[in-house]
Protein chains: 2
Amino acid sequence: MGNATVKTRRKPRADSLRNRELLLDAATRIFSVGGPQASLEAVARQAGVGIGTLYRHFPTREALFDAVYRHEVDHLVELAEKLAGEADTVEALRKWLHANVRLVATKKGMIGALQLVAHGSPDLKAYSLERLTGAVRLLLDRTIAAGKTRSDIPPEDLLRTLIGIFYSQSTDDWQPTALRLVDIFVDGLRKR
Amino acid sequence: MGNATVKTRRKPRADSLRNRELLLDAATRIFSVGGPQASLEAVARQAGVGIGTLYRHFPTREALFDAVYRHEVDHLVELAEKLAGEADTVEALRKWLHANVRLVATKKGMIGALQLVAHGSPDLKAYSLERLTGAVRLLLDRTIAAGKTRSDIPPEDLLRTLIGIFYSQSTDDWQPTALRLVDIFVDGLRKR
DNA sequence: TTGATAAACGGAGGAACCCTCCGTATAAAT
DNA sequence: ATTTATACGGAGGGTTCCTCCGTTTATCAA
């Protein structure tokens, strides 16, 4: 039976897939510096496609932003999977948390974006929370299994702490502070 | 000696003052429904003046927003001064707090605006915090002097609680909840 | 009162952006 | 090779931004 849809669909066109990817990358860059209300025409220009193509792929600004955000979340999950291969489990966890800090630091626009997300689509919120929690769990479980850290901290709490660190630091020069706080927290997790 | 400026300045023109006031009122209305990035041309239209006039009075969007916000704060201070004449001191306090809730509720845009303020000009933040604290103190001291409420709550804490109530409630239908929370808090202040 | 003039006014205009629509181009299927 | 479903690009109409400048007017001095 294979496919339950009415007619056998054509394979999606190669240029379509490629352009979608180009747009996503461009949007990530543009939103990073311009915040979530940056020019969509600039995104299309940056991607090297027509504005019409952008709107066909992402009918609304929201849709584009949603996709970009999911993309970023997926990247973080991938990174976690890669780090899960490292020998030093605690260090792997620490690296992943630092990557989070740097991501938000680099892509300043993301901060404003996060506020939109918080008040925006519950779908997106649920998706990112779930996936990121999974990523943390992946790394955290290994440190626990290795007997390196205390075992009474659920991944959700660790994630919430991370978010709390992002929110509480709203000045320009917050990155070093955030990294330090992360380190302190990780040290706190360590058994001794 | 009077005026230390170089030359004796002319009196500001009457139309200038009037237009400034018109613009401020219009901006309050427009920002209320459209949020802090609403169209400035719409503000000028609403005020019945040319767009050039708007830009002369408020060279940047920030400047206009700043002025509107100060205006609103001043209104709340005036209200506090008026309520300070009421016989029932606790009721006066309650009314003022409710006015705060309704203000933010009516002017939805203010919520987004508050976020801009939080990360924006420290001047504006300091100004509003100071003036509003003064207003609360005015009302709170009277209830304490009348022996109606406990006396160990500084006005700053009361204000922070109010802000906390605004921030924590981010859904559409938050107004009744916020009013209830305010009432509970005021009841908590009461001596019995 | 009556000029003189500093100050304010309005809005045209060029640039950027938003989003839609549709003629053209092209990848997949036959 | 031909067909055709899909995707592409960008012109175009509408909105907003902000500047610039010719015109109007409120103040002040005579």
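Reminder, nothing fancy here: chain letters follow the sequence lines and each chain counts from 1.
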Asker: If the threshold is 4.0 Å, N to carboxylate O, is there a salt bridge linking Arg70(A) and Asp66(A)?
Answerer: yes
Asker: Does DNA chain C take part in any stems of at least 3 consecutive Watson-Crick or G-U pairs (both distances under 3.5 Å), and if so, which ones?
Answerer: C:1-30 with D:1-30
Asker: Name each donor-acceptor pair under 3.5 Å that joins a side chain in residues 47-60 of chain A to protein atoms two or more places apart or in another chain, with its distance.
Answerer:
unit_1: Thr60(A); atom_1: OG1; unit_2: Glu62(A); atom_2: N; d: 3.4
unit_1: Thr60(A); atom_1: OG1; unit_2: Ala63(A); atom_2: N; d: 3.0

Asker: Quick one: Glu62(B) CD to dC17(D) P, roughly how many Å, whole number?
Answerer: 15 Å
Asker: Measure from the side-chain N and O atoms of Arg61(B) to the backbone N and O of Gln37(B), and report whether any donor-acceptor pair falls under 3.5 Å.
Answerer: yes
Asker: Starting at atom CG of Leu23(B), determine the distance to atom P of dA8(C), rounded to an integer number of angstrom.
Answerer: 13 Å
Asker: May I ask you to decide if Pro12(A)'s main-chain N or O and Ser16(A)'s side chain share a donor-acceptor pair within less than 3.5 Å?
Answerer: no
Asker: Quick one: side chain to side chain donor-acceptor pair (under 3.5 Å) pairs with a partner in residues 143-159 of chain A, sequence neighbours left out?
Answerer: Thr143(A)-Thr149(A), Arg150(A)-Asp152(A)
Asker: Taking CD in Glu21(B) as the centre, count heavy atoms belonging to other residues, nucleotides or ligands within less than 6.0 Å. Is the count above 12?
Answerer: yes
Asker: Rounded to whole Å, how long is the line connecting atom CD1 of Ile51(A) with atom P of dC17(C)?
Answerer: 10 Å
Asker: Whole Å only: how far is the NZ atom of Lys11(A) from the C1' atom of dT30(C)?
Answerer: 15 Å
Asker: Take atom CG of Asp15(B) and atom C1' of dA7(C), then tell me their distance rounded to the nearest Å.
Answerer: 9 Å
Asker: Between Asp74(A) and Tyr69(A), does a side chain to side chain donor-acceptor pair (under 3.5 Å) hold up when you go through it step by step?
Answerer: CA-CA 9 Å; Asp74(A) 291 347; Tyr69(A) 193 73; over 6 Å; no
Asker: Go through residues 52-60 of chain A and report each residue with a non-hydrogen atom lying under 4.0 Å from DNA chain D, sorted by number.
Answerer: Gly52(A), Thr53(A), Arg56(A), His57(A)
Asker: CD of Glu91(B) to CG of Leu139(B): how many Å apart, nearest 0.5 Å?
Answerer: 11.5 Å
Asker: For Leu22(B) and dA8(C), give me the distance from atom CG to atom P, rounded to whole Å.
Answerer: 16 Å
Asker: If you restrict it to nitrogen or oxygen atoms, what contacts under 3.5 Å exist between nucleotides 2-4 of chain C and the protein, and what is each distance?
Answerer:
none

Asker: For Asn19(A) and dG10(D), what is the distance between atoms CG and P respectively, to the nearest whole Å?
Answerer: 12 Å
Asker: By nearest nucleotide on DNA chain D, pick out whichever of Arg61(B) and Arg13(B) is the more 5' one.
Answerer: Arg61(B)
Asker: What's the CG-C1' distance between Leu17(A) and dT6(D), to the nearest Å?
Answerer: 13 Å
Asker: How long is the straight-line distance from CZ of Arg94(A) back to OG1 of Thr89(A), given to the nearest 0.5 Å?
Answerer: 12.5 Å
Asker: Could you please spell out the steps behind the side-chain contact (heavy atoms from CB on, under 4.5 Å) verdict for Val77(A) and Glu81(A)?
Answerer: CA-CA 6 Å; Val77(A) 171; Glu81(A) 282 160 1; 3.7 Å; yes
Asker: Look only at the side chain of Arg190(B) and the backbone of Val90(B), and say whether a donor-acceptor pair between them is shorter than 3.5 Å.
Answerer: no
Asker: In residues 39-47 of chain B, what residues come within less than 4.0 Å of DNA chain D, judged by heavy atoms?
Answerer: Ser39(B), Leu40(B), Glu41(B), Arg45(B)
Asker: Is a salt bridge present between Arg142(A) and Glu86(A), judged by a nitrogen-to-oxygen distance below 4.0 Å?
Answerer: no
Asker: Quick check against the 3.5 Å criterion: does Trp96(A) have a side-chain atom that pairs as donor or acceptor with the backbone of Ala84(A)?
Answerer: no
Asker: For side chain to side chain donor-acceptor pair (under 3.5 Å), just list the numbers for His71(A) and Asp25(A), CA-CA rounded to whole Å, side-chain angles, deciding distance to a tenth of an Å, and then say yes or no.
Answerer: CA-CA 9 Å; His71(A) 214 232; Asp25(A) 285 358; 4.6 Å; no
